[in-house]
Amino acid sequence: MSTETTKTSGGFDGSPLEALQAPAAGGCCGSAPAAKAEQASGCCGTAVAPTEASGCCGTSAEKAPAAKSCCG
Amino acid sequence: MLWDVCREGACGQELLRVMSADTVPAPLDGGVGPDLTRMRATVERLAGDDFTGRRVGTTGGRAAAMWLADELRGHGAEVHFDEFTLEGAVREVYATPRMRFDDGKSATDLVFRRDFCEHLATAELAHPREARLAEADGSVAGAWVLIDGWSPEAAADAHHRGATGLLIPRGIDSAGWMPKMIAGPPVVGIPALAVRTDLHKRMRRSIGAGRVTATAPVRVVDVPGQNVVAEFRPPGSGVNVLLTAHFDGVGDDPGYRFPAACDNASGVAAIVEAARLLHAGLPPGVGLSVALLDAEEAGAHGSAHHAPQVTPGTYVVNLDGAAQLGSAAIEAGGAAEPLLTALDRAGRKLGVPLRAETMPSDNRRYAAAGLPSVGIGMGMPGYQTPAETPDRVENTTLIAAAALLHATVIDLVSTITLTAD
């Protein structure tokens, strides 16, 4: 689950280039973004099978809103 | 008026201050700025009953694509459909699953998507199957087996040992729903159902006396998909921009509507509105296209099909969710530095806060194709439940999204053009 920061001004707090960095662990099935994008099937477009523990692909509803960033 | 001020970069917090007011801003300056009425109409239309939740391959999904194509043509774009086929990617609930739990004292009919739902790996079980309850490490033959977490190995083991099916605990969202998804792990050999965590515990306590009767009318379907691709300005030798948003949803269940207003009718509305504004205001030589993508919910297959067709070097901006802005989640891929810089400047001008955050949506397909891309997420309350209705889409967020997209592209084009000169 992401932690949203309340800001009082627009734009990024830090460098915009931080958005280019790999998402933190816990993104999609714990896989790297490149792996997610390059594969064609499975969780989040990967060959990695989603698991209950990862909260991916609707297997854990508490995490499902965050898992939007998980299973497309 | 407000829009013109912001476009000049002088408004700072003004846009968000006005957008945060109770009153809804009127269309600005003769239609120059984002038209809220138009965006709201798009959200309402896409969430309508006749589009049936817009799942890929359904009549409602195809009708939504046709409607969007007409809309885009009405804004002056050349439109074509980018068609593809999905095999084995979509799980379809074709009847309402049933579950009855008898704890040995009384029996209760459980409510689908409140008390239980399909597990995406389930085998099809069309007709009710009654069986006792058991633990995985006990005698599982002829029993519904209670397990604490999903694994294909555990499923294969239970299947091999003659289990009737698997029951896996699952939580609910703040409104008590189990969000629906349509793509998941490979299907296993036995039925698998997810049960609300507290009920799962009750079932475990009833082992010895408890029985469950359930169905899992779920099948894997092969379906056609179609992206709606609109060319407002043909690709040129200068800056080319592609704005994208997926229009598909997870589709209605039998007996439940899934309007998909936030995910992603809201994003579609903002993208189309931004494109309409940009078409009217970009300098000559700038390419501008829109791709409204199908099958994102099935694993971003629409964008996977479309991305290789895009002119190399095109800047791609994907919007997934424009319904509830705290701060916009941004994820970039490819050589997206100029795009990020433009986005940052636009956010500062408009007072829209941005944060680097995972945004694994269609943007990743374009990044994987080597295109500079950013994915933007601006909230989707009620995510993939019947509660994801048009009233959950905030006016302020729709305006902020369209304004952010517009200002970002204007900044990007201006910066690159100046650099080239």
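Each chain gets a letter, A, B and so on, in the order its sequence line appears, and its residues count up from 1. This structure is a prediction, so every number in the text was calculated from the model and none was measured.
- Taking CZ of A:F12 as the start and CD1 of B:I330 as the end, the distance is 5.0 Å to the nearest 0.5 Å.
- In this structure, CG on A:L17 lies 6.0 Å from OG1 on B:T341, to the nearest 0.5 angstrom.
- Of all heavy-atom pairs spanning A:S9 and B:P353, the tightest one is O-CB, 3.7 Å.
- Counting all heavy atoms, side chain and backbone alike, A:A19 lies closest to B:L340 at CB-CD2, 3.8 Å.
- Between the side chain of B:D344 and the backbone N or O of A:G11, no donor-acceptor pair lies under 3.5 Å.
- Taking the side chain as every heavy atom from C-beta outward, B:E337 and A:L20 approach each other to under 4.5 Å.
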